[in-house]
Every structure is written in structure tokens, then in C-alpha cells.
Amino acid sequence: MEKRELGKSELYTAPLVFGGNVFGWTVKGNDTAILLDAFLDAGFNTIDTADVYSRWVEGNKGGESEIEIGNWLKKSGKRDQVIIATKVGSEMDSERKGLKKDYIIKAAEDSLKRLQTDYIDLYQTHYDDPSTPVEETLRAYDQLVQDGKVRAIGTSNMSVERLHESLKVSVEKGLISYQTLQPEYNLFDREKYETTYEPFLKDQNIGVISYFSLASGFLSGKYRSEKDLQGSSRAGMVKKYLNERGFRILKALDEAAAQYNTSQSAIALAWLIARPSVTAPIVSATNLDQLNEFAKAANLKLSNETIEALTVASAY
């Protein structure tokens with residue numbers, strides 16, 4: 001499977017990243033090992049998580065995803081086969097949040113313990129902290145890199161303005177610089193990324209690891225009416241896609257799926273993978289069937305005509 005460099009990090013990822021938000025939530029224990037072993041066997045190599053995953057689950061306090069991944073790393077002995085990406089900055093509790101230097105250093109140590117590893121390949125700002133100067137945050141990351149605990153850094157949910165400022169400070173102060181960004185991007189949610197972020201990211205050679213790659217499952221084609229949403233935990237997130245433009249996108253996905261004899265999910269992911277500015281979309285799987293669809297997407301080469309048809313159908 002082809003590998004793509006994450007920015008200028010010298011880290012090379014397969015064209016899809018496993019979203020670790022499911023670990024410690026809907027996937028636990030031996031099921032985690034089964035999925036991650038199959039993920040590697042299919043030719044993939046990057047797992048994305050965060051210290052806060054999955055705090056939103058009743059009874060959880062955050063760190064559960066990293067613990068699940070860490071247990072698998074220890075038992076499997078496959079640490080050198082994977083890129084581990086995690087994040088800092090989300091609120092773990094009232095005392096543990098933000099991007100102050102001392103907090104980042106401590107949070108990294110906590111993540112390393114949970115992951116049962118000596119280093120994090122890609123350490124990312126989860127949410128920006130406007131109250132902290134970018135130089136302070138970057139000095140924390142720079143220290144972690146100098147200490148051999150982090151290989152490269154990235155960011156997520158950061159404005160173009162703050163990313164630009166961060167890159168400028170990195171150059172001026174001789175500090176480590178962000179190599180990746182995680183934006184929301186998919187066939188439906190295109191406008192903000194393409195008009196605000198994409199030109200800047202291409203100019204700066206920043207790697208893109210997009211999230212919500214299937215628009216909360218809407219692009220899988222299984223939600224086509226409000227009736228389909230009944231009883232679904234995703235109802236609130238998917239309802240906004242049930243409109244004329246959404247149905248136009250589904251029609252184009254249906255036609256492409258029939259042409260390539262594959263699923264709508266595989267087509268939607270293949271369209272993202274084909275986008276020149278996108279390094280690797282993030283996708284989550286809770287079973288082997290879903291994982292197989294992702295493998296199909298990564299190996300699917302859409303024709304220029306199909307890419308254009310999907311792009312036109314999803315025009316904003």
C-alpha cells in the first residue's frame with residue numbers, strides 16, 4: 001500500500017488512519033486487538049487517538065482509548081510497525097486542560113504511560129488555547145522532541161490565523177513546527193476547508209488528516225430519511241445532511257458504488273484520498289466488515305470522470 005509523508009515529518013502513513021475514539025467506548029479488550037491486528041495486516045500503519053478519549057462515556061474519565069492501544073502495543077510487540085498519534089489540550093477535568101508548557105509536559109508523560117511506549121510519533125494540539133501564547137506551547141513541544149519523547153507535532157481545530165502565527169514563531173525562534181492539521185472535511189462538508197484552509201496548507205506543505213470523513217455515517221448511504229435515524233445515536237448529527245444537496249451527493253455515490261461494485265463508504269473515502277491536499281482521512285471501525293470497506297477504499301483508484309462527477313454533485 002502506498003505511503004504518504006505527513007507534512008515534512010519523515011513519518012509515512014498509509015492513506016487511511018484508524019480513528020481511536022472507539023477504543024474504551026464501543027470497542028474494548030480482545031476486540032481492540034482483533035481490529036488493530038487486522039488493520040496492520042491490511043497494510044495500514046497509523047492510529048490516531050487523544051488523551052480525552054473516551055471521557056464522554058458515562059463512567060469514563062479519559063485515557064481509556066490510550067490504555068486500550070497501549071495494552072495492544074505491549075502484547076503484540078508491534079510498536080515499531082505503527083505510527084501512534086495522540087492529542088493534548090482537551091479538558092480532562094477542571095485542572096487538566098489547555099496548552100501551558102508545564103501541563104503539556106505532564107500530559108505527555110501521562111499519555112506515554114497509558115500507551116506503554118517511550119515515544120509518541122505525532123503529538124497534536126487538540127483544541128487551541130487562546131489564553132496561552134503560541135511560543136509557550138511550541139517550547140513545550142520542542143522540549144519533548146529534544147528529550148526523544150515526541151517525533152513530530154501537529155494540530156487540530158486551529159484557525160488558519162493561529163496556525164500561521166505558530167509557523168512564523170517556529171521559524172523565528174528556531175522551534176519545532178506543526179507538520180499536520182486535522183480539519184473536518186468530507187464530500188458534504190467542503191466549503192470551509194477548501195476556501196479557508198486548503199490554499200494555505202498546500203503552500204506550507206502541511207499534511208492533512210481529515211476527520212468526520214463519512215459525515216457521521218451519512219455518506220455510507222444508510223441514512224436517507226428521518227425514519228432511518230430513529231433510535232440512532234447519530235440522529236442529531238446526521239439530520240442536517242437530509243436536504244436536496246445531501247440527496248444529490250447520495251445519488252452520485254450510489255452511481256459510483258454500482259460502477260465500481262463497492263460501497264458508498266468506500267467511494268466517499270476514495271474521493272477524499274484522491275484530493276491532492278489530503279494526506280490520509282481518519283476513519284473508525286467497530287467490526288471487521290467496516291475495516292474491509294476501508295481497505296477497499298485505500299486500494300480504489302477512481303477515474304477522473306468519477307471524481308469530477310462527485311465533485312460536481314457535492315458543489316456548495
Side-chain angles (χ1 to χ4, degrees), residues 1-24 27 32-33 35-53 63 65-89 107-126 141 144-145 147-156 176-183 201 205-211 213 269 272-273 277-285 291 294-295 297-299:
M1 189 176 289
E2 70 161 322
K3 296 292 194 295
R4 300 168 167 189
E5 188 175 10
L6 290 163
K8 303 178 288 290
S9 67
E10 298 184 6
L11 298 174
Y12 287 83
T13 180
L16 281 176
V17 170
F18 198 116
N21 60 313
V22 296
F23 298 130
V27 179
T32 298
L35 278 175
L36 290 179
D37 284 336
F39 185 67
L40 262 65
D41 289 345
F44 299 110
N45 68 323
T46 303
I47 305 162
D48 177 79
T49 186
D51 57 3
V52 77
Y53 296 166
S65 175
E66 290 182 332
I67 289 170
E68 288 281 330
I69 294 167
N71 288 339
W72 170 74
L73 287 174
K74 184 177 182 181
K75 291 177 182 175
S76 69
K78 296 177 180 178
R79 178 65 184 93
D80 60 347
Q81 298 178 38
V82 290
I83 291 172
I84 298 295
T86 192
K87 311 182 198 75
V88 61
E109 293 293 347
D110 292 342
S111 286
L112 287 167
K113 287 176 185 173
R114 288 189 291 263
L115 289 164
Q116 300 187 59
T117 183
D118 297 328
Y119 64 96
I120 296 163
D121 295 289
L122 181 65
Y123 201 33
Q124 303 158 102
T125 292
H126 202 167
Y141 290 139
L144 289 167
V145 172
D147 291 345
K149 295 174 180 178
V150 167
R151 295 178 66 192
I153 63 168
T155 186
S156 179
I176 191 75
S177 62
Y178 290 126
Q179 296 299 327
T180 60
L181 174 75
Q182 285 195 21
L201 298 174
N205 194 17
I206 299 293
V208 173
I209 314 170
S210 58
Y211 66 85
S213 302
L269 292 172
L272 275 177
I273 291 169
S277 66
V278 174
T279 312
I282 298 171
V283 284
S284 295
L291 197 60
F294 303 158
N299 292 296

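For clarity, every value in this text was computed on a predicted model and none was experimentally measured. Quick note: numbers below take in every heavy atom, side chains included, and nothing from hydrogens, waters or symmetry partners.
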task: Check whether any side-chain heavy atom of Tyr53 sits under 4.5 Å from a side-chain heavy atom of Phe23, and report yes or no.
output: no

task: Would you sort out whether Asp51 and Ser111 count as a side chain to side chain donor-acceptor pair (under 3.5 Å), showing the intermediate values?
output: CA-CA 6 Å; Asp51 57 3; Ser111 286; 5.0 Å; no

- prompt: Got a sec, which residues hit salt bridge (Lys or Arg N to Asp or Glu O under 4.0 Å) with Lys78, two or more places apart in sequence or on another chain?
  reply: Asp37

query: About how many Å separate CZ of Arg151 and CD1 of Ile83, when rounded to the nearest 0.5 Å?
result: 7.0 Å

field: Phe18 vs Val82 side-chain heavy atoms within contact, under 4.5 Å
entry: no

task: Output every pair passing salt bridge (charged side-chain N to carboxylate O under 4.0 Å, His left out) with a member in residues 3-24, not counting sequence neighbours, ordered by first then second residue.
output: Glu2-Arg4

Test log, rule side chain to side chain contact (heavy atoms under 4.5 Å, CB included), inputs Asn21 and Ile282: CA-CA 11 Å; Asn21 60 313; Ile282 298 171; over 6 Å; no

query: Of the non-hydrogen atoms in Asp121 and Leu11, which two are nearest, and what is the gap between them?
result: O-CD1, 3.4 Å

statement: To the nearest 0.5 Å, atom CG of Leu6 lies from atom CD1 of Ile206 at 11.0 Å

statement: Output for pair (Phe294 CZ, Leu291 CG), nearest 0.5 Å, gives 7.0 Å

Atom of Ala107, atom of Tyr123 and distance for their closest heavy-atom approach: C-OH, 3.6 Å

- prompt: So which heavy atom on Thr32 is nearest to which on Glu68, and how close?
  reply: OG1-OE1, 2.7 Å

- request: Would you check, one step at a time, whether the test side chain to side chain contact (heavy atoms under 4.5 Å, CB included) holds for Val22 with Ser284?
  value: CA-CA 7 Å; Val22 296; Ser284 295; 3.8 Å; yes

task: Output all residues satisfying side chain to side chain donor-acceptor pair (under 3.5 Å) with Thr279, sequence neighbours left out; order by chain, then residue number.
output: none

- prompt: Considering only heavy atoms from C-beta outward, does the side chain of Leu115 approach that of Ile84 to under 4.5 Å?
  reply: yes

query: Do the side chains of Tyr178 and Tyr141 get nearer than 4.5 Å, heavy atoms only?
result: yes

Nearest atoms (heavy-atom pairs only) where Val278 meets Ser210: CG1-OG, 4.3 Å

field: Residues forming a side-chain contact (heavy atoms from CB on, under 4.5 Å) with Asn71, sequence neighbours excluded
entry: Ile67, Gln116

Please tabulate, one pair per line, all N/O donor-acceptor pairs under 3.5 Å involving side-chain atoms of residues 38-50, not counting sequence neighbours.
residue, atom, partner, partner atom, Å
Asn45, OD1, Ala14, N, 2.8
Asn45, ND2, Tyr12, O, 2.9
Thr46, OG1, Thr13, OG1, 2.7
Asp48, OD1, Gln124, NE2, 3.1
Asp48, OD1, Gln182, NE2, 2.8
Asp48, OD2, Lys87, NZ, 2.7
Thr49, OG1, Ser65, OG, 2.7

message: Quick check: do Glu66 and Thr117 have side-chain heavy atoms less than 4.5 Å from each other?
response: no

- prompt: Rounded to the nearest 0.5 Å, how far does OG1 of Thr86 lie from CG of Asp110?
  reply: 11.0 Å

- prompt: Taking all non-hydrogen atoms of both residues, which atom of Leu269 and which atom of Ala297 are closest, and how far apart?
  reply: CB-CB, 3.7 Å

query: Among all residues two or more places apart in sequence or in another chain, which pass the side chain to side chain donor-acceptor pair (under 3.5 Å) test with Tyr119?
result: none

NZ-CG distance between Lys75 and Leu36, expressed to the nearest 0.5 angstrom: 12.5 Å

- request: Please determine if Glu109 and Lys149 form a salt bridge, counting it only when a charged side-chain N lies under 4.0 Å from a carboxylate O.
  value: yes

- line: Rounding to 0.5 Å, atoms OG (Ser9) and CD1 (Ile176) come to a distance of 9.5 Å

- request: Compare every heavy atom of Ala298 with every heavy atom of Ile273, then report the nearest pair and how far apart it is.
  value: CD1-CA, 3.9 Å

